[in-house]
Amino acid sequence: MAAKIIDGKQIAAEIRAELKNEVTTLKAKGITPGLGVILVGADPASMSYVTAKERACDEAGIYSDDNRLPAETTEEELLALVDKMNNDPKINGILVQLPLPKHIDEQKVLLAIDPDKDVDGFHPTNVGKMVVGDKAFLPCTPHGIVQLLMRTGVKLEGAEVVIVGRSNIVGKPLANMLIQKSETGNATVTICHTRTKDIAAHTRRADIVIAAAGFPNTVTADMVKDGVVVIDVGVNRVEDATKKKGYRLVGDADFEAIKEKASYITPVPGGVGPMTITMLMYNTVESAKMAGK
Ligand code: L34
């Protein structure tokens, strides 16, 4: 079977157009959604993600407050900026791009964000609400993955989903979303990680495999069944002298081999990445709507 490629850029563009319309309506009521953006340090990948987020906001009419801080920024300085944004009515959502430099306690910073402005959905209050099925800001990457599956028409109810990777940003929240008793859930979910005895034994029986481990070739063609749906969350830079930048992007799955076997697969780039950005915009617009009531 030759897989259909799930076009994350296209699906993201559709949702962004919907959001742009909503922003126009909100602005007519005097509400401009605003996102406070904080990046500490100059990691090239983080810089490019943050720039893409701000550009996407701008295109949809969402105001963004750009804050690029030096790597030496102290935890106190960062907490002070978060506090300022918590109290700024122009800001409906706060994004502190991760990872943070090692001298800063990430959990402490995430805890300082007002849960009502936590558009990344990382605050324990939102994580807890999500787990019990209450309305909450959903973390952007897993929310984007669920949207990709829904809008592609992949059946989640009763599906065997195997997630490779147990991060707080992707694996853990995605598993929770997919087991909810709801239209966007009702799946049977397994999480594999570095201490799993035989990852392939799990992925081989999966209807849907989510590759979110952070390493190229974590999921290979021999590890999946015919007709599988593969969602590739990885964004890895591998050296490539033939490219202008000196590197190319690959996911966590062996795309070329798996596409001969799968029914659907997401590419890297152009799969999950654009959806992550889009769901951040979605949450910011939702937050502005709630604040405007
Ligand atoms: N706070 N930190 C916070 N929130 C997040 O949601 C993130 N994440 C992850 C890293 N840290 C975070 C992101 O924004 C990963 N991530 C992210 C966002 C966008 C893209 C990739 C990762 C993306 O746009 N990827 C493009 C290729 C980008 C390129 O050319 O380098 C793609 O098409 O996959």
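Each ligand, and each atom within it, is numbered from 1 in the order the structure gives. Note that this is a predicted model, so its numbers are computed, not measured.
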Students should be able to answer this: which protein heavy-atom is nearest to atom 24 (O) of ligand 1, and at what distance?
Ile277 CD1, 3.6 Å
Are side-chain heavy atoms of Arg166 and Thr194 found at a separation under 4.5 Å?
yes
Of all the heavy-atom pairs spanning Arg68 and Glu54, show the shortest one and how long it is.
NH2-OE1, 3.0 Å
Phe122 N/O under 3.5 Å from ligand 1 N/O:
no
Nearest heavy-atom pair of Val40 and Pro70: which atoms, and what distance?
CG1-O, 3.5 Å
Measure Lys53 to ligand 1 on non-hydrogen atoms and call it side chain, backbone, both or neither using the 4.0 Å cut-off.
side chain
Heavy-atom distances under 4.0 Å are what count here, so tell me which part of Val96 touches ligand 1: side chain, backbone, both or neither.
backbone
Check each atom of ligand 1 against the heavy atoms of Leu249 and keep those under 4.0 Å away; list them by number with element.
27 (C), 29 (C), 30 (O), 31 (O)
Evaluate Leu98 for polar contact with ligand 1, using N/O atom pairs at a separation under 3.5 Å.
yes
Which of the listed options, Ser167, Gly273, Ala56, holds the heavy atom that is closest to atom 19 (C) of ligand 1?
Gly273
Note: Leu280, heavy atoms under 4.0 Å from ligand 1, region reported as neither
Show me, pair by pair, the donor-acceptor contacts under 3.5 angstrom made by side chains of residues 92-113, not counting sequence neighbours?
{"from": "Asn92", "atom 1": "OD1", "to": "Gly34", "atom 2": "N", "distance (Å)": "2.9"}
{"from": "Gln97", "atom 1": "OE1", "to": "Lys53", "atom 2": "NZ", "distance (Å)": "2.9"}
{"from": "His103", "atom 1": "NE2", "to": "Thr73", "atom 2": "O", "distance (Å)": "2.7"}
{"from": "Asp105", "atom 1": "OD1", "to": "Gln107", "atom 2": "N", "distance (Å)": "3.2"}
{"from": "Asp105", "atom 1": "OD1", "to": "Lys108", "atom 2": "N", "distance (Å)": "3.3"}
{"from": "Glu106", "atom 1": "OE2", "to": "Leu100", "atom 2": "N", "distance (Å)": "3.1"}
{"from": "Lys108", "atom 1": "NZ", "to": "Glu75", "atom 2": "OE2", "distance (Å)": "3.0"}

Protein heavy-atom partner closest to atom 33 (O) of ligand 1 - residue, atom, separation in Å
Gly270 N, 2.6 Å
Report the distance from atom CE of Met223 to atom CG of Asp254, rounding to the nearest 0.5 Å.
11.0 Å
So does Glu239 have more than 12 non-hydrogen atoms from other groups sitting under 6.0 Å from CD?
no
Is there any N or O on Asp120 that sits under 3.5 Å from an N or O of ligand 1?
yes
Pairing residues for Lys225 by the salt bridge (charged side-chain N to carboxylate O under 4.0 Å, His left out) criterion, not counting sequence neighbours:
Asp207
Decide whether an N or O pair under 3.5 Å exists between Val268 and ligand 1.
no
Counting only heavy atoms from other residues, nucleotides and ligands, does the tally under 6.0 Å from OH of Tyr282 exceed 12?
no
Between Ser48 and ligand 1, which residue portion shows a heavy-atom distance shorter than 4.0 Å: side chain, backbone, both, or neither?
side chain
Considering only heavy atoms of Pro269, which atoms of ligand 1 have at least one such atom less than 4.0 Å away?
27 (C), 32 (C), 33 (O), 34 (O)
Could you measure the distance from the CD atom of Glu18 to the CE atom of Met281? Nearest 0.5 Å is fine.
11.0 Å
Per-atom filter on ligand 1: closer than 4.0 angstrom to a heavy atom of Leu95 are 1 (N), 3 (C), 4 (N)
Would you say Pro274 touches ligand 1, if touching means a heavy atom closer than 4.0 Å?
yes
Does an N or O anywhere in Gln97 fall below 3.5 Å from an N or O of ligand 1?
yes
Minimum-distance protein heavy atom relative to atom 16 (N) of ligand 1
Tyr49 CD1, 3.9 Å
Candidates Ile231, Val233, Ile210 - the one meeting side-chain contact (heavy atoms from CB on, under 4.5 Å) with Leu174:
Ile210
Check the surroundings of atom NZ in Lys261: do more than 12 heavy atoms from other residues, nucleotides or ligands lie under 6.0 Å from it?
yes
